[in-house]
Amino acid sequence: MNPVYFFREVITNLRRNVLMNLASISTVTVSTIVLGLFLIATLNLGFWVQKIVDQLQIVIYLKDDVSQEQINRLYDAIKANPQVKDVEFISKQNALKRLQEKLKILIRMNDMPENPLPNSFEIKLKNSANIAAVAKELETFPGAENVKYGQNIAQKLLSLHQAVRIGGLLVVALSLICTIFIIVNTIRLTVYARRREIRIMQLVGAAFWFIRWPFILEGIMQGLLGALPAFVLVYLSYLLFVPRALHALPFIPFLPPSGILYYLLWTLLTTGIVIGGLGAFISVNKYLNYE
Amino acid sequence: MNPVYFFREVITNLRRNVLMNLASISTVTVSTIVLGLFLIATLNLGFWVQKIVDQLQIVIYLKDDVSQEQINRLYDAIKANPQVKDVEFISKQNALKRLQEKLKILIRMNDMPENPLPNSFEIKLKNSANIAAVAKELETFPGAENVKYGQNIAQKLLSLHQAVRIGGLLVVALSLICTIFIIVNTIRLTVYARRREIRIMQLVGAAFWFIRWPFILEGIMQGLLGALPAFVLVYLSYLLFVPRALHALPFIPFLPPSGILYYLLWTLLTTGIVIGGLGAFISVNKYLNYE
Amino acid sequence: MIEFKNVSLVYPNGTIGLQNASAHISKGEFAFLVGQTGSGKSSFLKLINREVLPTTGEVFVNNQLTSEIRLQQVPLLRRHIGVIFQDFKLLMHKTIFENVAYVLEVTGVPAKQIPAKVSEALKLVNLWDKEDSFPEQLSGGEQQRASIARALVNHPLILLADEPTGNLDPDTSWDIMQILMKANSRGTTVIVATHNKTIVDMMRKRVIGLSGGRIAFDRERSGYLPADLEMAAREV
Amino acid sequence: MIEFKNVSLVYPNGTIGLQNASAHISKGEFAFLVGQTGSGKSSFLKLINREVLPTTGEVFVNNQLTSEIRLQQVPLLRRHIGVIFQDFKLLMHKTIFENVAYVLEVTGVPAKQIPAKVSEALKLVNLWDKEDSFPEQLSGGEQQRASIARALVNHPLILLADEPTGNLDPDTSWDIMQILMKANSRGTTVIVATHNKTIVDMMRKRVIGLSGGRIAFDRERSGYLPADLEMAAREV
Ligand SMILES: Nc1ncnc2c1ncn2[C@@H]1O[C@H](COP(=O)(O)OP(=O)(O)OP(=O)(O)O)[C@@H](O)[C@H]1O
Ligand SMILES: Nc1ncnc2c1ncn2[C@@H]1O[C@H](COP(=O)(O)OP(=O)(O)OP(=O)(O)O)[C@@H](O)[C@H]1O
Ligand SMILES: [Mg+2]
Ligand SMILES: [Mg+2]
């Protein structure tokens with residue numbers, strides 16, 4: 001077994017069948033580009049929904065007769081909960097200020113003899129998925145008049161989050177399958193075009209592995225040469241796209257390009273290489289005569 | 001010219017090169033499936049954002065000294081504006097009720113001797129894109145103390161809407177290009193595998209068109225046989241997916257399947273057929289010897 | 001019918017196929033083309049079929065200068081020329097019947113007349129029992145006969161036979177030569193490139209000898225001249 | 001060396017390739033295989049190379065029953081057999097040099113020794129000046145000689161030549177026969193399927209005659225028997 005021989009074979013074949021190889025390589029490029037875009041889109045969508053979900057919070061409204069000492073104790077108790085990431089105390093006064101800011105000039109201060117708003121705690125969780133359970137737990141705290149966490153929107157967001165996670169996985173899996181399918185088919189057609197050669201090689205005494213290896217290496221090369229430009233293209237586009245998108249849609253978060261670099265690189269390259277090689281292997285076997 | 005002959009040719013060729021044709025047909029299927037999914041996703045995203053944008057409204061808060069007669073005149077004036085789709089008057093009382101409902105128990109009614117909220121109009125536009133201009137116009141109305149339309153969120157939503165429209169068009173265009181590219185490449189490989197035949201046909205006196213037509217028809221058939229199952233698959237999946245999705249994410253609107261039926265059908269079938277035929281045409285020409 | 005005027009053919013890789021060859025073959029003639037392997041016989045035939053164009057010089061077929069025939073007209077030229085290719089050039093995905101029928105379909109012969117004509121041609125070369133086989137299912141000689149049937153089926157004006165008996169036994173070879181003779185007697189111009197000394201010697205027809213791409217000799221009613229005689233002829 | 005015991009070969013489409021053929025060819029023998037086109041010569045050779053397996057009967061090559069050779073071992077068998085295929089079977093994407101070198105690479109000959117061996121084989125068939133051409137750039141006879149060079153290059157134990165002179169002129173044919181003789185004299189078993197009456201007549205070697213898949217005659221020091229004599233032989 002002579003690796004130099006196989007490599008020379010592959011290089012020569014790539015050079016001599018330029019047209020055919022361009023067709024198959026560019027097919028690999030295009031289909032891995034699509035895969036890459038799906039991957040980026042899914043990662044970003046997940047990131048976005050995660051960000052929104054992370055903004056969910058529990059608000060505990062306190063009875064007016066709760067003393068400052070009680071408040072301090074409650075604060076410590078909440079802080080000690082392992083599920084809690086962050087807790088903030090909002091006094092009656094601050095609450096009113098916020099409401100006024102929010103409603104702007106609508107509430108004429110002089111119309112109100114007394115602050116109608118209660119004291120409250122705003123709590124962020126480490127994992128918002130548990131929000132309902134934690135809220136229930138906090139309800140039992142003495143002094144808590146009411147515990148709210150936007151039941152309605154929270155549930156919506158959480159199920160959206162779940163849907164995006166499952167859907168994203170599904171979409172990436174599906175597009176991976178499609179990419180694999182297309183690459184395998186393409187490689188199969190290139191091997192089909194050379195089926196007579198395979199037959200002749202067998203007739204002059206070439207062993208199965210001796211025939212197979214150049215084809216497999218060629219498949220790997222086609223996969224590599226196809227996936228590499230796909231990666232570069234997708235990554236560069238994303239690099240150019242993110243600042244513009246952040247500018248145009250500042251309220252939507254995008255993953256920083258560096259955050260997807262390796263993810264993208266490995267997914268595209270391994271897909272190209274593994275499927276190229278595997279596709280060639282399967283296809284050659286189809287034309288190897290096992291009688 | 002004998003169409004029967006060409007059809008017999010095509011059928012025979014499809015039958016005799018089953019393996020090769022399966023490879024190319026299934027590639028068409030897979031790539032048009034991806035195209036179809038992109039199309040559906042884009043249409044739905046556009047639909048969704050449109051729905052959200054449609055919920056945008058302008059609120060005119062009125063001074064407390066505006067009389068009922070003035071209000072009526074104002075109402076008619078607003079209604080007469082061709083941009084306005086819908087206008088609703090919200091009295092002080094109703095406004096307070098709403099606020100109370102929204103904030104639930106937070107505001108202790110007995111703390112408030114007088115309703116601090118103003119009368120208002122809520123206005124929906126035919127085209128929310130013009131919201132800023134219309135709001136400006138309404139500000140000049142006598143009696144309007146303040147005009148609000150959630151400047152912040154409206155702008156966000158409108159630019160998101162724009163982004164989704166442009167992005168969607170781009171994505172569909174891009175995936176169409178990818179699909180075209182993959183199909184053309186695949187057809188090219190099937191023609192490549194038969195380049196010797198093309199040469200022989202030329203040598204025995206077949207005219208260019210006589211050689212070309214069976215290949216073009218075969219490309220069309222491959223496109224059709226590939227795109228048809230893709231359409232059926234995508235459409236059926238959507239048919240099954242929508243009720244489930246509406247159940248799991250009731251707050252996200254989905255286009256009804258019937259709304260995308262023709263869109264999907266024509267996009268996939270024409271893509272398959274036109275590109276199949278065109279790809280074959282281009283590829284045969286490459287191997288037809290024009291010297 | 002066919003005229004070569006100082007024709008040279010240099011292949012793209014620099015190999016010389018033909019060198020300054022001049023010859024005239026009249027309508028209805030029967031000529032052998034002989035010469036060592038690689039001497040340019042197939043190149044000579046390819047020039048007539050306009051498979052290649054001369055690098056210099058002029059080839060006239062049917063009074064047309066091949067290098068001036070418009071591309072769309074080339075198929076028309078070829079339909080008047082039947083070629084028995086040295087490597088058969090059968091369509092691998094078509095049966096023998098379909099291979100022979102193809103040249104009729106190409107010329108627009110009505111579908112109804114095709115089966116009869118094809119059967120006739122296949123019977124002529126004694127291959128009618130193999131009409132539904134694919135080329136790969138035939139023996140070498142059977143493939144060669146299929147190629148012969150295809151070249152004859154639409155009664156071309158010119159018949160170019162490149163080594164038509166290379167895979168045939170002596171008896172079958174003679175049968176084939178009889179068929180070519182018969183076609184010739186009906187007015188077809190026949191050019192046969194061959195190595196078959198026995199046949200050339202027996203037939204006593206015009207023999208054009210090629211050597212290294214040059215026409216070494218061109219004699220009426222000749223036999224297959226041995227190589228040294230060719231050489232001598234070339235020196236002249 | 002090679003033994004056929006009541007061998008019949010029926011192709012998948014029902015055509016009979018060989019019928020109840022028995023023959024024994026010893027190590028170092030030189031035998032001609034003659035018979036009309038389609039009589040089963042190539043089928044006979046394909047059975048030896050294990051390109052096909054007999055439908056019934058047994059074929060022994062090198063004392064191995066071909067139908068019992070494990071699939072992985074088939075390449076090993078083939079490396080001891082050089083085949084000159086009737087249709088050459090050259091690899092279209094490789095140059096002549098690479099085509100010949102391939103059978104050496106297959107057997108693991110060290111890379112350094114390959115060029116010398118290939119050049120030697122190409123010189124033998126007088127084709128060394130075409131080593132960088134692709135098969136499509138060669139004349140029919142040159143392709144045939146390339147195929148011969150490939151069959152000879154690794155000095156096989158058995159040489160199967162299927163119509164090796166079909167595209168060669170008489171002189172070159174003789175040269176090739178000399179080469180086969182020389183290989184034979186070094187111990188190679190040689191079987192030549194041919195239609196070339198002249199050569200068979202002159203060489204006076206063993207001749208196995210096939211007719212319709214049956215062995216019609218099998219004679220030492222024979223010539224090319226005409227068809228009617230074959231028939232007679234078959235009646236017996
Ligand atoms: N792959 C195949 N499938 C079906 N039939 C075949 C196949 N190969 C050969 N035959 C048939 O088997 C018979 C013997 O063929 P074979 O090739 O052995 O003949 P041959 O003696 O070599 O003839 P030739 O001199 O023409 O080469 C023929 O009738 C042929 O049509
Ligand atoms: N396509 C080609 N490209 C380059 N050289 C070629 C090509 N075809 C033929 N030649 C060369 O041109 C010369 C003449 O070839 P040609 O095929 O005319 O010979 P020929 O007389 O038919 O030989 P044969 O009897 O072996 O068939 C040869 O040296 C051959 O190598
Ligand atoms: Mg030739
Ligand atoms: Mg044979």
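Numbered from 1 within each chain, the chains take letters A, B, ... in sequence-line order. Only this structure's heavy atoms are used, side chains among them; waters, hydrogens and symmetry mates stay out.
- L203(B) pairs with exactly one of K89(C), R50(C), K46(C) by the side chain to side chain contact (heavy atoms under 4.5 Å, CB included) rule, that one being K89(C).
- Only the side chain of R8(B) comes within contact range of chain C, with at least one heavy atom under 4.5 Å from a heavy atom of that chain.
- In this structure V106(C) satisfies the side-chain contact (heavy atoms from CB on, under 4.5 Å) test together with A206(B), F210(B), R79(C), Y102(C), sequence neighbours excluded.
- Distance check, rounded to the nearest 0.5 Å: CZ of R78(C) to CE of M201(B) gives 14.0 Å.
- For K126(B), the NZ atom is densely surrounded, since the number of other residues' heavy atoms within 6.0 Å is greater than 12.
- Heavy atoms from other residues, nucleotides or ligands lying under 6.0 Å from CG of N13(C) number more than 12.
- Of residues 167-192 of chain B, no residue lies under 4.5 Å from chain C by any heavy-atom pair.
- With a 4.5 angstrom heavy-atom cutoff, Q73(C) does not touch chain B via any of its atoms.
- Here the shortest heavy-atom pairing between A207(B) and P75(C) reads CA-CG, 3.7 Å.
- In terms of heavy-atom proximity, H93(C) sits nearest to N17(B) at CE1-OD1, 2.9 Å.
- With a 6.0 Å radius and a threshold of 12 heavy atoms from other residues, nucleotides or ligands, Y11(C) has its OH atom above the threshold.
- For a residue to count as touching a neighbouring chain, one of its non-hydrogen atoms must lie under 4.5 Å from one of that chain's; by this rule L90(C) touches chain B with the backbone only.
- Here the straight-line distance linking atom CD1 of I200(B) with atom CZ of R150(C) works out to 6.5 Å at 0.5 Å rounding.
- Here F6(B) contributes atom CZ and E105(C) contributes atom CD; the two are 9.5 Å apart, rounded to the nearest 0.5 Å.
- For the residue pair R16(B) and F134(C), the shortest heavy atom distance occurs at NE-CZ, 3.4 Å.
- Here the straight-line distance linking atom CG of N49(C) with atom CD of Q202(B) works out to 11.0 Å at 0.5 Å rounding.
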- How far apart are the C-alpha atoms of E9(B) and K94(C), what are their side-chain angles, what is the distance that settles it, and do they pass the side-chain contact (heavy atoms from CB on, under 4.5 Å) test? CA-CA 10 Å; E9(B) 272 291 296; K94(C) 289 183 184 291; 2.6 Å; yes
